[in-house]
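Note that the numbering runs from 1 along the sequence shown for the chain.
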Amino acid sequence: MARAAAPPPLHRLPGLALLCLAVAVCFSGGENAAAAAWTRKIVGVHELRVGDFSVKVTNWGATLMSVILPDSKGNLGDVVLGYDTVAEYVNGTAYFGGLIGRVANRVAGARFTLDGKAYRLYRNDGNNSLHGGHRGFSKVVWTVKEHVGGGDSPYITLYYHSFDGEQGFPGDLDVYVTYRLSRPYVLSVRMNATARSRATPVNLAHHAYWNLGGHGSGPVLGETVQLFASRYTPVDAALVPTGALAPVAGTPYDFRAPAPVGARLADLRPRRGTGGVAGYDTNYAVDGAASPSLRPVARVWDGATGRAMELWADQPGVQFYTSNGLAGVRGKGGSVYRRYAALCLETQGFPDAVNHPSFPSQIVRPGKVYSHDMLFKFSFA
């Protein structure tokens with residue numbers, strides 16, 4: 001694997017001007033009381049670079065906008081789907097590159113009971129709450145706490161304060177995420193959150209759409225994927241886990257051995273909201289005990305470019321999603337993203353864990369810290 005060259009001087013890039021956005025923030029003082037306030041905050045685009053390896057991040061939704069790296073012939077390409085401007089992320093609905101919270105994935109019936117008290121969340125997926133509600137963490141302005149754009153280990157740390165009652169969730173929560181690059185071609189994402197006033201569910205996830213052939217190169221069905229998971233959580237018609245854990249052996253969900261993404265699509269039932277098109281939108285139980293130590297989650301390889309990606313993380317689950325819901329979304333450089341244009345590997349706690357006592361708990365008590373680390377290792381053959 002080639003070693004990155006010394007990083008060049010950083011210069012202001014065209015199109016990275018800071019944007020001043022009027023952001024609506026709805027403050028809820030209780031189940032039957034709400035007041036609205038407007039605030040103006042600066043939203044910018046920030047670059048991290050090590051040699052020919054670079055990423056761009058915006059503090060709108062703590063969003064990863066691009067990941068640029070070479071292929072086996074040295075040609076640079078952007079391997080995550082997204083938009084050209086921050087304004088498009090503000091108006092977008094695909095969660096491209098966003099930091100998902102307070103609770104990623106679905107909460108059944110948009111409700112749960114914690115310590116004897118019932119809570120009702122914002123419904124934005126039929127009767128369920130999805131990715132934190134109507135204005136989850138990917139739809140708010142984060143504060144840039146630190147930014148070092150160059151050197152051997154450039155990074156950016158973003159902060160968001162989620163107030164008690166936001167989208168129906170209890171308690172104040174302080175949330176941080178740090179994106180960091182290191183040699184050779186490693187991207188780390190470190191998330192943590194501290195509960196300040198009440199116990200609350202916390203399940204953060206990172207929602208990058210990966211296409212190792214390049215963001216506009218077409219379907220990823222021919223890319224090879226391996227998942228280090230021998231079990232998955234079956235779901236009902238609304239894509240909410242039933243509470244069971246099932247073996248992947250003998251099913252279309254078995255990627256324990258490397259296989260093309262589309263190898264078993266014909267054996268899947270069409271998912272809701274895809275117009276009868278089959279695809280993966282499945283939480284896998286990662287093999288090995290969840291612990292502070294990182295363990296292998298997935299490997300992906302693109303034969304046309306030689307790019308490969310390893311994902312390591314410390315969470316019990318990973319959502320494997322084959323962008324079944326994309327249908328003609330216009331993205332970067334005029335590219336049109338259609339179904340199967342990318343795959344997502346969202347490490348997470350099990351979906352709807354707050355309503356399934358048998359699942360690993362996602363409850364964070366006051367003063368306690370939730371942590372979630374991901375490591376992406378890229379290479380080129």
Beyond-backbone contact of [X] with [Y], side-chain heavy atoms, under 4.5 angstrom:
{"X": "Tyr176", "Y": "Leu158", "result": "no"}
{"X": "Val364", "Y": "Val369", "result": "no"}
{"X": "Ser323", "Y": "Tyr209", "result": "yes"}
{"X": "Lys117", "Y": "Asp115", "result": "no"}
{"X": "Val202", "Y": "Gln362", "result": "no"}
{"X": "Val354", "Y": "Ile363", "result": "yes"}
{"X": "Val177", "Y": "Thr157", "result": "no"}
{"X": "Asn192", "Y": "Tyr370", "result": "no"}

Which residue, Asp125, Asn283, Asn355, forms the side-chain hydrogen bond (donor to acceptor under 3.5 Å, both in side chains) with Arg106?
Asp125
Ion pair Asp302/Arg307, N-O distance below 4.0 Å
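Arg307 and Asp302: not salt-bridged.
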Should the pair Asp71-Lys73 be classified as a salt bridge under the 4.0 Å nitrogen-to-oxygen rule?
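No, no charged N to carboxylate O under 4.0 Å.
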Do any N or O atoms from the side chain of [X] and from the backbone of [Y] form a donor-acceptor pair under 3.5 angstrom?
{"X": "Gln167", "Y": "Arg135", "value": "yes"}
{"X": "Ser72", "Y": "Thr305", "value": "yes"}
{"X": "Asp254", "Y": "Arg256", "value": "yes"}
{"X": "Asp172", "Y": "Asp164", "value": "yes"}
{"X": "Lys368", "Y": "Thr194", "value": "no"}
{"X": "Asp352", "Y": "Ala108", "value": "yes"}
{"X": "Ser138", "Y": "Ile100", "value": "no"}

Side chain to side chain contact (heavy atoms under 4.5 Å, CB included), that's the test. Do Val50 and Asp152 meet it? Break it down for me.
CA-CA 7 Å; Val50 176; Asp152 288 334; 5.9 Å; no
Running the 4.5 Å side-chain criterion over Ile, Leu, Val, Met, Phe, Trp and Tyr, what cluster does Val336 land in, apart from itself?
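Listed partners: none, Val336 stands alone.
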Once you round to the nearest 0.5 Å, how far does [atom1] of [X] lie from [atom2] of [Y]?
{"X": "Asn128", "Y": "His131", "atom1": "CG", "atom2": "NE2", "result": "12.0 Å"}
{"X": "Leu268", "Y": "Thr282", "atom1": "CG", "atom2": "OG1", "result": "7.0 Å"}
{"X": "Ser379", "Y": "Met309", "atom1": "OG", "atom2": "CE", "result": "10.5 Å"}
{"X": "Gln319", "Y": "Thr347", "atom1": "CD", "atom2": "OG1", "result": "11.0 Å"}
{"X": "Tyr95", "Y": "Tyr89", "atom1": "OH", "atom2": "OH", "result": "15.5 Å"}
{"X": "Phe53", "Y": "Leu48", "atom1": "CZ", "atom2": "CG", "result": "9.0 Å"}

Restricting to non-hydrogen atoms, name the atom on [X] and the atom on [Y] that form the minimum distance, rounded to 0.1 Å.
{"X": "Ala308", "Y": "Trp301", "value": "CB-CD1, 3.9 Å"}
{"X": "Ala62", "Y": "Leu99", "value": "CB-CB, 3.8 Å"}
{"X": "Pro351", "Y": "His356", "value": "O-CD2, 4.5 Å"}
{"X": "Tyr337", "Y": "Gly331", "value": "CE1-CA, 3.5 Å"}
{"X": "Ala205", "Y": "Glu346", "value": "CB-CB, 4.4 Å"}
{"X": "Pro316", "Y": "Pro360", "value": "CB-CG, 4.1 Å"}

Flag for [Y]-[X]: side-chain donor and acceptor within less than 3.5 Å:
{"X": "Tyr179", "Y": "His206", "answer": "yes"}
{"X": "Gln315", "Y": "Gln348", "answer": "no"}
{"X": "Arg180", "Y": "Ser188", "answer": "no"}

I would like to know whether Asp373 and Val189 meet side chain to side chain contact (heavy atoms under 4.5 Å, CB included); could you show each step before the answer?
CA-CA 6 Å; Asp373 288 347; Val189 183; over 6 Å; no
Where do Thr242 and Val235 land on the side chain to side chain contact (heavy atoms under 4.5 Å, CB included) test, with the steps shown first?
CA-CA 5 Å; Thr242 63; Val235 295; 5.6 Å; no
Same cluster or not: are [X] and [Y] linked, directly or through other Ile, Leu, Val, Met, Phe, Trp or Tyr residues, by side-chain heavy atoms under 4.5 angstrom apart?
{"X": "Val80", "Y": "Leu212", "answer": "yes"}
{"X": "Leu265", "Y": "Val300", "answer": "yes"}
{"X": "Val329", "Y": "Trp60", "answer": "yes"}
{"X": "Met191", "Y": "Val297", "answer": "yes"}
{"X": "Val175", "Y": "Phe169", "answer": "no"}

side-chain hydrogen bond (donor to acceptor under 3.5 Å, both in side chains), that's the test. Do Thr178 and Arg190 meet it? Break it down for me.
CA-CA 5 Å; Thr178 297; Arg190 168 163 286 187; over 6 Å; no
Qualifying side chain to side chain donor-acceptor pair (under 3.5 Å) pairs with a residue from residues 217-231, counting only residues at least two apart or across chains:
Asn211-Ser217, Ser230-Asp287
Write out all pairs satisfying side chain to side chain donor-acceptor pair (under 3.5 Å) with one or both partners inside residues 140-150, taking only residues at least two apart or from two chains.
Glu146-Tyr155
Report the C-alpha separation of Tyr160 and Phe137 in whole Å, then their side-chain angles, then the decisive distance to 0.1 Å, and conclude whether the ring-ring contact (aromatic ring centres under 6.0 Å, His included) test is met.
CA-CA 8 Å; Tyr160 179 66; Phe137 291 176; 5.4 Å; yes
Is the NZ or CZ atom of Arg264 positioned over Phe255's six-membered ring, under 6.0 angstrom from the centre and within 45° of the axis?
yes
Worked check of side chain to side chain contact (heavy atoms under 4.5 Å, CB included) between Thr322 and Asp281
CA-CA 7 Å; Thr322 49; Asp281 193 358; over 6 Å; no
Restricting to side-chain contact (heavy atoms from CB on, under 4.5 Å), what partner residues turn up for Asp174, sequence neighbours left out?
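In terms of side-chain contact (heavy atoms from CB on, under 4.5 Å), with neighbours along the sequence ignored, Asp174 is linked to Tyr159, His161, Arg196.
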Suppose we screen for salt bridge (Lys or Arg N to Asp or Glu O under 4.0 Å). Which residues come up paired with Lys332, at least two apart in sequence or across chains?
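Salt bridge (Lys or Arg N to Asp or Glu O under 4.0 Å) check on Lys332 returns Asp78.
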Checking Phe228 now: which residues fulfil ring pair (Phe, Tyr, Trp, His ring centres under 6.0 Å) with it, not counting sequence neighbours?
none
Please state whether the rings of Phe378 and Phe376 are parallel, tilted or perpendicular, taking 30° and 60° as the class boundaries.
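Plane angle under 30°, so parallel.
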Any idea how Tyr232 and Tyr284 line up, ring-wise: parallel (<30°), tilted (30 to 60°), or perpendicular (>60°)?
tilted
Determine whether the aromatic ring centres of Phe96 and Tyr83 lie less than 6.0 Å apart.
yes
